Amino acid sequence: MTSSVESAAWNAFVMAAEVCECEAAFAQLLAALGVDAALRGNALFDAIGARTAASACPFRTKELVKSLGAHWARRPAPPEGAPLRVLVSGAGPVGLRMAVECAMLGMDVRVVERRATFSRVNILTLWQQTADDLAAFGAKLFNPAFSVHGEPLHLGTREIQLTLLKAAMLMGVGVSYRATLRAVQHARRETTGARPLWTAWVHMAAESDGGSAAVSATRADDDGATAAVAFKPRKDGAYSRGALQGRLNAMAPAQLDESFALGPGAATPAACEPVEFEALCLAEGEWSDSCRRLGVRKAIDRFGNAIGLVANLHAHTPAPRALRSFVCAFGLGEPIQTLTRGGLPVENLEYLRGSTHYCAATVPKAALLARGALRADAPAAELLAPANVDVERLRALGRTVASACGVPADAPLCAQHGVQLFDFSSRARALCPFRLLALDAAGERAIALDVEGQPTLATARTSAHERELDAAELFVRERAEGVSAAQAALDGARLATVGVSGAPIDEDEREAVVAYHAAQLHRAEEQAATARDKLDARHAEFAEWKALISAARGASACAVVLPLGDALLEPFWPQGLGTNRGFHGALDGAWALRCHWSDGLDACLIERAFTYDALLADFARARVLPGGGWTADPLHRYHPDVLKGLMRSYQDPSAKRWFKGTGAIPRRYAHLTTQALGAQRAA
């Protein structure tokens with residue numbers, strides 16, 4: 001094979017801009033380099049690197065392979081034994097970031113994605129650390145307009161996917177598009193390392209997952225209204241609200257679907273291929289079907305009414321060189337003032353110039369109604385229903401926002417995701433950052449476990465339930481005493497002969513005093529009833545927990561399932577956490593799987609639970625170390641104070657839900673001080 005053919009193959013791979021192009025270009029690259037396409041992981045990457053270095057390929061491609069190799073070399077050597085088999089469902093930015101990290105840690109990784117294209121055109125703001133991390137995987141080579149300098153840093157969703165997909169391919173990750181996870185089932189055998197092996201049943205479609213035609217027809221029927229509100233559907237459903245939920249919280253229903261988690265003897269789904277795994281990662285987005293069917297329990301946090309508008313316009317028309325990306329917040333900034341003067345008040349506005357002109361704003365409901373983008377006021381669950389959206393007026397509104405950002409008037413709206421409305425007044429978060437697939441004590445039925453499947457975490461949860469029950473009982477006693485005191489005060493008022501001034505009391509004053517104390521008694525009785533309801537709920541919760549502990553006894557063949565990205569912890573849109581935090585959740589998960597491989601399942605779950613609490617604890621860019629030297633190890637990414645503060649909370653009984661005891665801290669953290677954490681990272 002001549003060097004010109006090798007160079008052409010590399011150039012085609014670098015320039016590939018869509019899934020099918022990447023698949024075809026990578027196959028041609030392997031053929032041009034004479035590399036066996038059956039190789040996986042490090043063996044494939046080393047073969048590509050050796051052939052590329054020995055050829056006359058372009059300097060930039062040699063530098064890419066060299067850079068990826070140096071990035072890989074910063075990871076610890078894999079433990080001895082067969083590689084951990086990891087299946088990632090979902091090839092969005094977070095799923096692909098998980099895949100490449102697991103590959104660099106020496107695992108055997110497979111990714112399945114139901115879509116056939118990079119379907120998302122939105123642009124994401126990036127923290128400096130996230131931009132540096134993407135640059136290490138060739139983002140600048142694959143997307144020449146990308147920069148790690150200036151503010152706001154940004155890159156399109158599809159460009160992030162493109163970068164990480166190409167890195168994953170080079171690193172020997174198996175990636176299958178048009179592939180949908182249909183079910184999981186115990187494989188009735190173990191790996192050579194005695195780790196339980198499960199089978200994912202994956203449907204491989206010829207073109208799509210089969211629903212595209214119906215969706216396209218629906219969108220044509222309603223003139224694009226369905227597409228205009230499909231970006232982020234509102235979380236309305238059969239959520240439970242009980243005595244233990246606050247006014248702004250609810251619980252998503254969670255129950256294992258036995259048609260998804262199949263028993264060993266169950267019939268397998270038709271037209272599906274088996275993919276064996278020891279760990280399953282679900283990066284399917286906030287509406288993850290697999291999470292729902294595996295019974296991943298989620299809390300829904302609700303906020304005030306919040307509506308976002310996104311407009312994507314083609315960037316191939318000439319635009320002023322002075323048109324720069326910007327982010328304005330809290331009603332400040334000239335573009336926001338321009339919109340406000342024109343009768344369109346917005347609170348937040350961002351413009352990002354990339355493969356499209358991307359404009360995003362928070363728009364009050366009243367403004368959408370006044371401009372006719374919404375046909376009528378309606379309850380929150382129906383406000384953004386397709387039937388209530390006037391698409392033409394919404395498009396006009398999107399153009400108004402784009403004009404305020406400086407986008408040329410002749411820039412056409414993108415055919416896909418041109419203008420969208422979405423509700424971000426709620427977000428979901430997993431109550432447990434893992435799920436365990438297992439067989440019941442009889443070995444006949446698939447079950448799923450949360451923290452009850454990890455002894456240390458289960459003990460900590462039992463202690464927490466006991467503390468909460470004790471506190472609820474104390475609260476009931478205090479409220480009962482309050483009722484008694486209010487009753488005594490009312491009885492005294494009825495018998496009083498002397499008023500507040502010391503003079504004999506008249507009937508009008510007596511009635512007023514009695515009415516006041518009667519109201520106080522009523523209030524005390526209501527508080528006492530609420531306290532009893534909460535105590536009953538605590539008893540029921542504890543009884544449910546004991547039942548879970550009982551069901552976990554004798555469970556076998558456990559395989560870990562890790563929700564990732566929005567399926568794990570959905571961001572609040574204006575905070576810009578999204579992919580920035582999602583990458584860390586994925587890297588934490590990769591490191592937990594490395595612990596599974598080296599130290600066993602219990603160590604994996606302890607690590608995963610600890611780092612999830614780090615994500616929940618007021619996560620922000622200042623809590624993250626520079627991105628150039630990142631690895632999956634949290635010691636290389638989190639500021640030492642984050643880990644130290646969390647360790648302190650775990651050992652502080654006054655920290656309430658954070659108090660879990662020293663045993664819940666991964667052993668390698670327990671002895672570290674702030675100085676030692678910094679020294680370990682430097683080493």
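In this text the structure is predicted, and so the values were computed from the model without any measurement.
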Just one of Arg110, Arg195, Arg85 clears the salt bridge (charged side-chain N to carboxylate O under 4.0 Å, His left out) bar with Glu276, so which one?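 Exactly one pass, corresponding to Arg85.
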
CG-CG distance between Leu474 and Leu469, expressed to the nearest 0.5 angstrom: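 Those atoms lie 11.5 Å apart.
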
Looking at CG of Leu126 and CZ of Arg621, how far apart are the two atoms once the value is rounded to the nearest 0.5 Å?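 Here the interatomic distance stands at 9.5 Å.
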
Please evaluate residues Leu437 and Cys558 with respect to the criterion side chain to side chain contact (heavy atoms under 4.5 Å, CB included), reporting the C-alpha separation (whole Å), side-chain torsions for both, the decisive distance (0.1 Å), and the verdict. CA-CA 5 Å; Leu437 276 171; Cys558 293; over 6 Å; no

Under the rule for side-chain hydrogen bond (donor to acceptor under 3.5 Å, both in side chains), what residues qualify as partners of [X], not counting sequence neighbours?
X: Glu607; answer: Tyr669
X: Lys660; answer: Asp613
X: Ser654; answer: Asp652

Check ion pair Lys644-Asp641 (N to O, under 4.0 angstrom):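 A salt bridge is absent here (no side-chain N lies under 4.0 Å from a carboxylate O).
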
Pairing of Arg429 and Glu286 as salt bridge, 4.0 angstrom limit: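 No, Arg429 and Glu286 are not salt-bridged.
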
Quick one: do the Thr631 and Asp633 side chains pair a donor with an acceptor below 3.5 Å?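 No pair is found: no donor N or O on one side chain lies under 3.5 Å from an acceptor on the other.
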
Decide whether Gln651 and Thr662 meet the rule of one side-chain donor and one side-chain acceptor closer than 3.5 Å. yes

Could you walk me through whether Arg158 and Ser119 satisfy the side chain to side chain donor-acceptor pair (under 3.5 Å) test, starting with their C-alpha distance in whole Å, then the side-chain angles of each, then the deciding distance to 0.1 Å, before giving a yes or no? CA-CA 7 Å; Arg158 70 184 313 280; Ser119 60; over 6 Å; no

Quick one: side chains of residues 580-597, donor-acceptor pairs under 3.5 Å with protein atoms, not counting sequence neighbours, listed by atom name and distance.
| residue | atom | partner | partner atom | Å |
| --- | --- | --- | --- | --- |
| Asn580 | OD1 | Trp127 | N | 2.9 |
| Asn580 | OD1 | Thr130 | OG1 | 2.7 |
| Asn580 | ND2 | Thr125 | O | 3.2 |
| Asn580 | ND2 | Gly576 | O | 3.0 |
| Arg581 | NH2 | Glu570 | O | 3.4 |
| His584 | ND1 | Arg637 | NH1 | 2.9 |
| Asp588 | OD1 | Arg637 | NH1 | 3.2 |
| Asp588 | OD1 | Arg637 | NH2 | 2.5 |
| Asp588 | OD1 | Tyr638 | OH | 3.1 |
| Asp588 | OD2 | Tyr638 | OH | 2.5 |
| Arg594 | NH2 | Ala77 | O | 2.6 |
| Trp597 | NE1 | Ala82 | O | 3.3 |

Counting the benzene-type ring for Trp, do Tyr650 and Phe610 have ring centres under 6.0 Å apart? yes

How about His636 and Trp630: are their ring centroids closer than 6.0 Å? no

Would Ile447 and Leu449 satisfy side chain to side chain contact (heavy atoms under 4.5 Å, CB included), going step by step from the backbone distance to the final call? CA-CA 7 Å; Ile447 60 174; Leu449 310 172; 4.0 Å; yes

Considering only residues two or more places apart or on different chains, which pairs with a residue in residues 86-97 satisfy side chain to side chain donor-acceptor pair (under 3.5 Å)?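 Checked against side chain to side chain donor-acceptor pair (under 3.5 Å) - neighbours excluded - the pairs reaching residues 86-97 are Ser89-Glu284, Arg97-Glu101, Arg97-Asp133.
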
Pairs meeting criterion side chain to side chain donor-acceptor pair (under 3.5 Å) with involvement of residues 464-475, two or more places apart: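 Found Glu468-Arg538.
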
Under 3.5 Å, is there a donor-acceptor pair between the side chain of [X] and the main chain of [Y]?
X: Asp257; Y: Ser259; answer: yes
X: Gln129; Y: Val624; answer: yes
X: Ser176; Y: Ala179; answer: no

In terms of heavy-atom contacts, does CZ of Arg297 have more than 12 from other residues, nucleotides or ligands at under 6.0 Å?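 Not buried by this count: 12 neighbours or fewer within 6.0 Å.
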
